[in-house]
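Data block below; observations after.
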Protein chains: 2
Amino acid sequence: METKDKIRNLAEELIRTKGYNAFSYADLSAPLKIKNAAIHYHFPSKEVLGASVIEEMVLGFQQLSSSWSDQSEKEQIEWFMDIYRNSYEKGMVCLMGSLAPDFETLSPAMQAQIQRMSRVILDWLTACLEQGRTKQVFQFKGEASDRALVLISSLISSLSLSRVQQTDLYSRIRQQLLSDILA
Amino acid sequence: METKDKIRNLAEELIRTKGYNAFSYADLSAPLKIKNAAIHYHFPSKEVLGASVIEEMVLGFQQLSSSWSDQSEKEQIEWFMDIYRNSYEKGMVCLMGSLAPDFETLSPAMQAQIQRMSRVILDWLTACLEQGRTKQVFQFKGEASDRALVLISSLISSLSLSRVQQTDLYSRIRQQLLSDILA
DNA sequence: ATATTTACTTACTAGTAAGTAAGTTTGCCA
DNA sequence: TGGCAAACTTACTTACTAGTAAGTAAATAT
C-alpha cells in the first residue's frame with residue numbers, strides 16, 4: 001500500500017477512536033515512521049485529509065451496497081448491520097457517529113461531505129426498507145424514511161454506548177431493531 | 001449566579017456544541033470576562049471541570065425525573081423526550097452524544113462519570129417502560145431494557161443527525177419511537 | 001546524458017493549549 | 001484597626017498544534 005493510503009487509513013482509524021479534534025499529525029507520522037511534513041505533501045491540510053477520509057468511506061459503501069443488490073432485503077439489512085458489528089468488535093464508532101457531534105467545528109468542505117455521507121446512507125436504507133415492505137419481507141408502521149432514521153440513529157449510538165458501558169449493547173440493539181421490522 | 005456556576009454552565013454549552021476536545025479555556029474566559037487563571041481557581045484542571053459538568057447533569061436529571069413521578073408513564077416518556085426537543089431547538093446535542101464518541105480520550109474520572117450518567121438514564125428509562133407496559137400504557141416486544149436502549153440511542157443520534165441534515169429529524173424520530181411503544 | 005518530477009526530510013514558525021506561581025483587591029471577622 | 005481568607009489578575013512556562021520553506025535522493029521522461 002502506498003503512503004498516501006496508509007495516512008488516510010490511519011486517519012480514519014484515529015477519527016473513529018479518538019475523534020477528529022483529538023488526533024494530531026504526530027499520531028499519524030510516528031506509527032507510519034514518516035515526518036510531519038510528509039503528511040502535508042499528500043494532504044495539504046488536515047481538513048483536506050478529513051474530507052478524503054469521508055469521500056473514501058462513501059465510495060466504499062456504494063461499492064459494498066451495490067455488491068449486495070441481488071440478495072434479499074432482509075439479508076441486505078443484515079449485511080449493513082454487520083458493518084456496525086465489525087466496528088464494535090474493533091472498539092470503534094462509525095465515521096458518522098464520530099464526526100456528526102463535531103459538525104460545528106469542521107470546515108464547510110468537511111460539513112458538506114458529512115451531509116453527503118448521511119444522504120447516501122439514508123437513501124440506500126430507505127429504498128431497501130421500502131422495497132422490503134413491498135415484497136412483504138418487512139412489516140412496519142409509518143414512512144420507510146422515518147423507519148430508516150430510527151434504524152441508523154440507533155445503530156450509530158449503539159457503538160458509542162457499547163464503548164461507554166463496556167458491553168455488547170450493539171447486539172441487543174440490532175436484535176431489537178430487526179424484530180421491529182421483520183414480518 | 002456565581003462565577004463557578006457560570007463557568008460550569010458555559011462549559012456544558014461548549015461541550016454540547018463544539019465537543020470536549022475542541023473547546024479551550026479561552027472560550028470560557030473571554031465571554032465571562034475573566035482571566036484564564038480564574039477558571040483554574042474554581043476548577044484545578046479541565047478534567048475536573050468536565051467531571052463537574054456531568055455530575056451536575058446527573059443531579060439535574062434525577063431531580064427532574066423525580067418531579068414527574070406522579071404522572072402517567074406516557075407523559076413521563078414525553079417529558080423525557082422534551083429534553084431532547086429542547087436541545088434540538090438550541091442546536092445542541094446531548095451531553096452523552098457529545099462525550100461518548102470521545103470516551104477514549106477522556107480521563108478515568110470522566111469515563112467513570114459518563115458510565116454513571118448512562119446507567120442512571122437507562123435505569124430510569126427501563127423502569128418507566130416496564131411499569132408502563134404493566135399498566136398497559138405501553139405495548140412492545142422484548143425486554144424493557146432493550147427497548148430502552150433503542151429509545152435512548154435513537155434520541156441521542158437524532159440531535160447530531162438533525163444538525164448535519166439541517167432539518168428537524170428529531171421530531172420524525174420521536175414520532176416513530178412513540179408509535180413503536182404506545183398501546 | 002540531462003532535466004524534471006515524485007516523495008520525501010530537515011529545520012523552522014507562529015499560534016494555542018493547559019497549567020502555575022506570585023501578587024492584588026475586596027469584604028468579613030475579631 | 002489588623003489580620004485573614006476568598007476571588008481573582010498578572011505574567012509566565014512548557015508542551016504541542018498545524019503548517020511551511022528549502023533542500024535532497026531516487027526514479028522517470030526526453
Side-chain angles (χ1 to χ4, degrees), chain A residues 1-56 98-99 101-111 113-114, chain B residues 1-54 56 98-99 101-111 113:
Chain A
M1 194 173 19
E2 280 169 28
T3 303
K4 186 168 184 176
D5 298 313
K6 285 186 190 169
I7 294 169
R8 188 178 23 231
N9 288 347
L10 183 53
E12 186 193 333
E13 196 181 309
L14 286 165
I15 291 172
R16 292 174 58 190
T17 46
K18 307 181 65 175
Y20 181 81
N21 290 314
F23 91 91
S24 75
Y25 279 58
D27 295 323
L28 293 166
S29 54
L32 296 179
K33 281 160 191 160
I34 54 173
K35 301 296 157 183
N36 200 326
I39 301 162
H40 282 282
Y41 172 73
H42 291 288
F43 301 97
S45 69
K46 196 181 178 183
E47 60 167 283
V48 168
L49 172 56
S52 175
V53 166
I54 305 171
E55 200 185 323
E56 206 69 10
S98 175
L99 293 175
D102 295 342
F103 194 72
E104 301 295 324
T105 71
L106 305 175
S107 71
M110 280 193 70
Q111 290 187 344
Q113 290 273 44
I114 296 169
Chain B
M1 196 171 19
E2 279 168 29
T3 305
K4 186 168 185 175
D5 299 312
K6 285 186 191 168
I7 294 169
R8 189 178 23 231
N9 288 347
L10 183 53
E12 187 192 331
E13 195 181 309
L14 286 164
I15 291 172
R16 293 174 59 190
T17 45
K18 305 181 68 175
Y20 182 81
N21 289 315
F23 90 89
S24 75
Y25 279 59
D27 295 323
L28 294 165
S29 55
L32 296 180
K33 280 158 191 161
I34 54 174
K35 302 295 158 184
N36 200 325
I39 301 162
H40 282 282
Y41 172 74
H42 292 289
F43 302 97
S45 69
K46 195 182 178 183
E47 61 167 282
V48 168
L49 172 57
S52 174
V53 166
I54 304 170
E56 205 69 9
S98 174
L99 293 175
D102 295 341
F103 194 72
E104 302 295 325
T105 70
L106 305 174
S107 71
M110 279 191 71
Q111 290 187 344
Q113 289 274 42

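Chain naming here is simple, since letters A, B, ... match the order of the sequence lines and numbering starts at 1 in each.
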Review point. Between atom CD1 of A:Ile7 and atom CD of A:Glu2, what is the distance when rounded to the nearest 0.5 Å?
Key: 11.0 Å

Point to revise | Between CG on residue A:Asp102 and CG on residue B:Asp102, distance to nearest 0.5 Å | key: 6.0 Å

Study note, to complete from the structure: Of B:Lys35 and A:Phe23, the one whose nearest nucleotide on DNA chain D sits closer to the 5' end is B:Lys35

Review point. When the nearest nucleotide of DNA chain D is assigned to A:Ser24 and to B:Thr3 on a heavy-atom basis, which residue is associated with the more 5' position?
Key: B:Thr3

Enumerate donor-acceptor pairs with a distance under 3.5 Å from any side-chain N or O in residues 27-37 of chain A to protein atoms, sequence neighbours excluded.
{"unit_1": "A:Asp27", "atom_1": "OD2", "unit_2": "A:Lys18", "atom_2": "NZ", "d": "3.4"}
{"unit_1": "A:Asp27", "atom_1": "OD2", "unit_2": "A:Ser24", "atom_2": "N", "d": "2.9"}
{"unit_1": "A:Ser29", "atom_1": "OG", "unit_2": "A:Tyr25", "atom_2": "O", "d": "3.0"}

Practice item. Kindly indicate whether the side chain of A:Phe23, heavy atoms from C-beta on, has any atom under 4.5 Å from the side chain of A:Glu13. Key: no

**Study point:** Closest heavy-atom pair and its distance - B:Ser98, A:Pro101
**Key:** CA-CB, 4.5 Å

Practice item. Could you list the residues that satisfy salt bridge (charged side-chain N to carboxylate O under 4.0 Å, His left out) with A:Glu12, not counting sequence neighbours? Key: A:Arg16

Point to revise | Nucleotide range of DNA chain C lying under 4.0 Å from chain A heavy atoms | key: C:dT6 to C:dT10

Review point. Which residues satisfy the side-chain contact (heavy atoms from CB on, under 4.5 Å) test with B:Glu56, sequence neighbours excluded?
Key: B:Arg8

Practice item. Applying side-chain contact (heavy atoms from CB on, under 4.5 Å), name anything that partners B:Glu47, two or more places apart in sequence or on another chain. Key: B:Tyr20, B:Ser45, B:Ser107, B:Ala109, B:Met110

Revision key, fill the gap. Per the under-4.0 Å heavy-atom filter, residues of residues 36-48 of chain A near DNA chain C come out as A:Ala37, A:Ala38, A:Tyr41, A:His42

